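Encoded as structure tokens, here's the structure I'll be asking about.
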Amino acid sequence: MTRVVQFGKKGKLSPRYVGPYKEGLGITNFLSYEEISIEILDRHVLGLWTKDMASVKEEEATWEAGEDMSPNICICFLLLGFMRKGASYFSKINLRSGYHQIRVRECDISKIAFQNRESDHANHLRIVLQTLRAHQLFTKFRKYEFWLRLTQKKVKFQWSNSGEKSFQELKTRLTSAPVLTLLNGSDRVDFSSQWERGESSKFRKSAAVTSKEYSLDGALENIQLPKGDCWSVHKFGGTCVGTSERIGNVAEIITADQSERKVVVVSAMSKVTDMMYDLIYKAQSRDDSYLTALDAVREKHKLAAVDLLDGDNLASFLCKLQDDINNLKAMLRAIYIAGHATESFSDFVVGHGELWSAQLLASAVRKNGVECKWMDTREVLVVNPTSSNQVDPDYLKSEERLEKWYSNNPSKTIIATGFIATTPQNIPTTLKRDGSDFSAAIMGALLQARQVTIWTDVDGVYSADPRKVSEAVILKTLSYQEAWEMSYFGANVLHPRTIVPVMQYDIPIVIKNIFNLSAPGTMICRSSGNEYEDGQKLESLVKGFATIDNVALVNVEGTGMAGIPGTASAIFSAVKDVGANVVMISQASSEHSVCFAVPEKEVKAVADVLESRFGQALSAGRLSQIAVIPNCSILAAVGQRMASTPGVSATLFTALAKANINIRAIAQGCTEYNITVVVKREDCVRALRAVHSKFYLSRTIIAVGIVGPGLIGGTLLDQLKDQTAVLKVKFNIDLRVMGITGTRTMLLSESGIDLSRWRELLSAKGEMADMNKFVHHVRGNHFIPNTVMVDCTADSDIASHYYGWLHRGIHVVTPNKKANSGPLDQYLKLRTLQRQSYTHYFYEATVGAGLPIISTLRGLLETGDKILRIEGIFSGTLSYIFNNFTGSRAFSQVVEEAKEAGYTEPDPRDDLSGTDVARKVFVDGFKYFVSFPASDSL
Ligand SMILES: NC(=O)C1=CN([C@@H]2O[C@H](COP(=O)(O)OP(=O)(O)OC[C@H]3O[C@@H](n4cnc5c(N)ncnc54)[C@H](OP(=O)(O)O)[C@@H]3O)[C@@H](O)[C@H]2O)C=CC1
Ligand SMILES: N[C@@H](CC=O)C(=O)O
């Protein structure tokens, strides 16, 4: 029972009952317990109403109520009445007294008014507070003196920050007091026993956040806004509600969601926001087609509604839609005439997409039998636009409005519009880019919800862009900071600002795929500090990698910069003046140069302004240059566990070096949560894949080119066929043979040759051999960071390519002795380059037919052994001949047999002449202890 009392013109009302405040309890025709207890426990004690207040003229038993009378104080008196009677636990009986809920207007929040002597205020309050103190419910009485001052009639009302703080504390203390209640008729439940059983915190929370638990018979509306774990927030983007069928699916998800209470934030149907902006653009360009475009908008929503709804629901939606369209038509006409739309006009028009999708979804949810309310968030979310095209939420005002909205629209399921909000002056505005995610996060914070779920069309946050790294994995968890860093550096996770509202309450954000409900998604939450909890491998110090393409570097250099305060300020003020966004900054400690990255499209303006501002410094030689390096990309490694872990950057840079990626600039924040490098744009994907595989987030992919599929090359290909699976599973290596070439034909593949059929494919599909094309193909796949050429020929011409290959970052593996037994200076040049380019040059198979002779010799020498003598027959061919040329067969026949057995060189004369043995002696390992003149070669 809620009694509505109309106010007269002067805001006076006369109560119909004189309260029994001084007469004792038990008068029956007062408010029911539910009304009062809920008011007490949930709204008024918790409420944040800050303006005063109903003053009571006792003699007349009338109330003068200001527009904003505060019931907080009244409630305190209410409590004190009970406490004065010795109550330390409250029951509904205590509360059934002469207090009235009144509303100024039908739609207003009910407020409690009651009869009281003004002179009693201070006394009563003291008793309340002393009683609380006696029960150790708060610690410092003097902290609440503000209350006493405020309640004095002639004292000017001033609500200071400290008053607010103290009130909040008092509120918490009061609401954590034990309360007796009746749940059902005469069933009495003593929550104090829960308290004694150690469930106080649970109870405190439920007392503070729910109201229904205290209802006697459920007759009373839940007008008090509960907060806390009972709420979950879901956000569905435009793709999720792109069609009537998808809206229906979303309604199913909401219906199936087990949360006690939920707010569902919804974007406009996909493409609608663009359509709405297009309307404005057309209208202000005086393009008459805005009318047909508006018809298309109406039709889209009408069709969706007809598919989804029926009966009254459909009729009422269509009626509302037509009203809105009529209004929009008028507004667009005004824009058409003015030839201009103000920002608030635009925001108002554009926001209709969310208004319609929220209403459609709400109707669809209701159709599933779930009671729900839809919320136009412009009534609730208050934001202050900033100069930088962003908005700052006003949480206090939004909270007030949310409480008010809820009291008029109490529901366990609320479908709220994303993206739109209002300014403090009630001017419609939007939350700008990715605004719906932000709306959901703000709602989560206002309700202190258990979780915010962002529904999208991917399974979660990937360790890298899956379009660039096909082996990218879904991350189970990310800390707020990691998500923040990833999204800043281009990972399409969440807008960084989305994380801010939820962070303060430790509310997790879960990213889920609406098209794959069984996928667990990614949870963004406070870092647990437990290295293993998220199931990531120990090696995954880096959680993920993100890239930003299309950036340019600007390098300002000169001796005149060192030690001159204000240089950086002057540079970046100039950059700010042209509105450019600085993505990354790096300055060497020598202070001779400052290097920073800006979006490519802004670099010209930046260069121009710097040239003009620093023209004098340039001509005087204080600055040597302002250089622009275009076509760059930023690659960022992100991971909270990178902090204070030595070796992460070394691993990162080694991976990049091995993939032959040149780093143009480096930056690392002092939190050590990210390491950022700038690379050439064309190198970016290879760089990303190289580092991704290096940190064991995926397999190391190697593109292999086989030159010379003869005996050795063919055997190797067969061996690779057998080992491919083992290499993948056991060694995390994904080896793909991208090309095979002989002297006449070559076979190329985009994704890797099927090694079980390579002979058949080479002869059937081989094309004319072309070494340049071959190398370009094997190396040219931007998605594979590592390339290896395996030279299985005995050709010096092929060996002469090694230098160029190593120079391009291509690793070389060969059994061909030619490069190592040619001119020594060329060999040494090759080795120097190999060391400088961080590439591998492996040639173990040149000696001993693949037995580990070279590495063994080197190991012996490195550990202090001295090689005095090496004895043996360094030729398989000669060894075969020595053993088999017994005179019974012709020498040529024995040589033929040796060739058949695979011992000989392609030209057996190399073996017979001893040249092959001599080459082996030349090969690296032997050079440790045999001196050759630099001019010697074979
Ligand atoms: N046999 C052995 O036990 C050992 C051999 N080696 C070394 O392995 C290498 C290969 O020996 P092996 O397999 O026996 O010789 P093969 O004669 O069986 O194979 C040589 C291959 O190289 C190809 N080839 C030659 N020149 C070129 C060129 N310019 N461009 C492309 N392909 C070319 C040939 O192609 P095509 O068929 O089209 O002419 C052929 O497929 C040699 O350097 C040898 O010293 C090392 C250790 C042991
Ligand atoms: N032809 C060589 C084998 C490869 O190096 C030999 O006979 O030993």
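We number each residue from 1, following the sequence as shown. What you see is a predicted model; the values in this text were computed from it and never measured. Remember, it's 1-based here, ligands and their atoms both numbered in the order they're listed.
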### Query
ligand 2 and F874, any nitrogen or oxygen pair closer than 3.5 angstrom?
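Not met; the criterion fails.
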
### Query
Tell me: protein heavy atom nearest atom 4 (C) of ligand 2, and distance?
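Its nearest protein heavy-atom neighbour is E905 OE2, 3.4 Å.
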
### Task
Evaluate the ring planes of H807 and Y803, with Trp represented by its six-membered ring, and classify them as parallel (under 30°), tilted (30 to 60°) or perpendicular (over 60°).
parallel

#### Entry: Considering all heavy atoms, the nearest L716-I706 contact
CD2-CD1, 3.7 Å

### Interfacing atoms of ligand 2 (cut-off 4.0 Å, heavy-atom, K817)
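Every atom of ligand 2 under 4.0 Å from some heavy atom of K817: 4 (C), 5 (O).
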
### Closest approach of any protein heavy atom to atom 3 (C) of ligand 2, naming residue and atom
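Of the protein heavy atoms, Y903 O, 3.4 Å lies nearest.
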
### Message
If the threshold is 4.0 Å, N to carboxylate O, is there a salt bridge linking K817 and E905?
### Response
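Looking at E905 together with K817, the answer is yes, because their closest N to O distance falls below 4.0 Å.
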
### Message
Contact between L748 and K773 at the side-chain level, heavy atoms closer than 4.5 Å - yes or no?
### Response
yes

### Message
Assess whether a salt bridge exists between R681 and E600, defined as any Lys/Arg side-chain N lying under 4.0 Å from an Asp/Glu carboxylate O.
### Response
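A salt bridge is present here (some side-chain N lies under 4.0 Å from a carboxylate O).
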
### Query
ligand 2 versus V847, non-hydrogen atoms closer than 4.0 Å: side chain, backbone, both, neither?
neither

### Task
Go through the side-chain N and O atoms of D791 and Y802 and say whether any donor and acceptor fall under 3.5 Å apart.
yes

### Plane angle bin for F695 and F545 - parallel if under 30°, tilted between 30 and 60°, otherwise perpendicular
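Answer is tilted, since the angle falls between 30° and 60°.
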
#### Entry: Least distance between heavy atoms, H811 atom then H840 atom
ND1-N, 2.9 Å

Tabulating one pair per line, provide the atom names and distances (0.1 Å) for every N/O atom of ligand 1 that is less than 3.5 Å from a protein N/O atom.
{"from": "ligand 1", "atom 1": "1 (N)", "to": "G902", "atom 2": "O", "distance (Å)": "2.9"}
{"from": "ligand 1", "atom 1": "3 (O)", "to": "G902", "atom 2": "O", "distance (Å)": "3.1"}
{"from": "ligand 1", "atom 1": "13 (O)", "to": "L711", "atom 2": "N", "distance (Å)": "3.2"}
{"from": "ligand 1", "atom 1": "13 (O)", "to": "I712", "atom 2": "N", "distance (Å)": "2.8"}
{"from": "ligand 1", "atom 1": "18 (O)", "to": "L711", "atom 2": "N", "distance (Å)": "2.8"}
{"from": "ligand 1", "atom 1": "29 (N)", "to": "D795", "atom 2": "OD2", "distance (Å)": "2.6"}
{"from": "ligand 1", "atom 1": "32 (N)", "to": "T743", "atom 2": "N", "distance (Å)": "3.4"}
{"from": "ligand 1", "atom 1": "38 (O)", "to": "T743", "atom 2": "N", "distance (Å)": "3.0"}
{"from": "ligand 1", "atom 1": "38 (O)", "to": "T743", "atom 2": "OG1", "distance (Å)": "2.7"}
{"from": "ligand 1", "atom 1": "39 (O)", "to": "T743", "atom 2": "OG1", "distance (Å)": "3.1"}
{"from": "ligand 1", "atom 1": "41 (O)", "to": "P709", "atom 2": "N", "distance (Å)": "3.4"}
{"from": "ligand 1", "atom 1": "41 (O)", "to": "G710", "atom 2": "N", "distance (Å)": "3.1"}
{"from": "ligand 1", "atom 1": "43 (O)", "to": "T793", "atom 2": "O", "distance (Å)": "2.8"}
{"from": "ligand 1", "atom 1": "45 (O)", "to": "K817", "atom 2": "NZ", "distance (Å)": "2.8"}
{"from": "ligand 1", "atom 1": "45 (O)", "to": "E905", "atom 2": "OE1", "distance (Å)": "2.5"}
{"from": "ligand 1", "atom 1": "45 (O)", "to": "E905", "atom 2": "OE2", "distance (Å)": "2.9"}

## Note on the structure
If we number the atoms of ligand 2 from 1 as shown, the ones under 4.0 Å from a heavy atom of K920 are 2 (C), 5 (O), 6 (C), 8 (O)

### Message
For R889, I'd like to know if atom CZ has over 12 heavy atoms of other residues, nucleotides or ligands within 6.0 Å.
### Response
yes

### Task
Quick one: look at T877 and ligand 2, take heavy-atom pairs under 4.0 Å, and tell me if it's side chain, backbone, both or neither.
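Within the 4.0 Å criterion, T877 contacts ligand 2 through backbone and side-chain atoms alike.
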
